[in-house]
Amino acid sequence: MKIFLDSANLDEIKEAVSWGIIDGLTTNPTLLAREGKEPKKLLKDISKVISGPINAEVVSLDSAGILSEAEELIKIAPNIVIKIPVNQEGLKAVKLLSQNNIKTTVTLIFSATQALLAAKAGATYVCPFIGRLDDISQDGMSLVEEIAVIFDNYDLSTEILVASIRHPIHVVQSALIGADAVTVPFKVIEQLLNHPLTDAGIKRFLDDWEKLKK
Ligand code: G3P
């Protein structure tokens, strides 16, 4: 399973990349706005650190606007993927971009039908938002399961990039389902790695080693 970092913070990005486990990156308008920097300049700086796909989201609501934003965004770096919210105008843009071999991620997916239509329009990735479904007492992971079965039934090449991940169990469940990729906030990536028994084990080894010196 590919692991993308869900962040626009350069320090976090550099740190996670140095661990050798990051396959790509997702940003969104909220994450970019949080950094308070000029978004295109920040994406350019990010592209010097991330060699895999970098998702940059459009904010236009009409397909013409989405296409002209996409035109500008792909100039930033060859690995930019255009992230587009799922709706009628979004699908129109996805279709045209995919015909021109420009990679797209269809985002804000909350139903299997949205994922199916995005795949049919030619999306490279679909992003089901599982945490936000959990937030309203729906089972986000069931959506990932449904999409996985549908894409498998019809050999659809669109990849499932699970988003709105809030904790390590979301990552484990995505991997068990066989999702192609997850996009994970830095804090959750740290949680994936840390274990109190590992810390205690290291401490005990070092304490015992010290005793040898005495
Ligand atoms: O990149 C989009 C996504 O992962 C959002 O997550 O936690 O704001 O629902 P969240």
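Heavy atoms only: backbone and side chains are in, while hydrogens, waters and symmetry mates are out. First listed ligand is number 1; within each ligand, the first listed atom is number 1.
In this structure, E57 does not count as a contact residue of ligand 1, since none of its heavy atoms falls inside 4.0 Å of the ligand.
In the vicinity of N28, heavy-atom distances shorter than 4.0 Å reach the ligand 1 atoms 1 (O), 2 (C).
Looking at ligand 1, you won't find any N or O of T183 less than 3.5 Å from one of its N or O atoms. Checked by distance only, ligand 1 and R132 come closer than 3.5 Å through their nitrogen or oxygen atoms. Among the atoms of R166, some N or O lies under 3.5 angstrom from an N or O of ligand 1.
For D180, the side chain to side chain contact (heavy atoms under 4.5 Å, CB included) partners at least two apart in sequence or on another chain are E159, I160.
Atom 6 (O) of ligand 1 has S164 CA, 3.4 Å as its closest protein atom, hydrogens excluded (heavy atom only). Ranking protein heavy atoms by distance to atom 3 (C) of ligand 1, first place goes to D6 OD2, 3.4 Å.
The nearest pair of heavy atoms linking R166 to Q191 is O-OE1, 4.5 Å. Here the closest non-hydrogen pair linking L5 and P185 is CD1-C, 4.2 Å.
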Check: residues 151-158 side-chain donor-acceptor pairs under 3.5 Å, at least two apart:
{"from": "T158", "atom 1": "OG1", "to": "A123", "atom 2": "O", "distance (Å)": "2.8"}

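Note on W19: it clusters hydrophobically with I50, by side-chain heavy-atom contacts below 4.5 Å among ILVMFWY residues.
Of the residues K92, E89, K95, the one that meets the side chain to side chain donor-acceptor pair (under 3.5 Å) test with S63 is E89.
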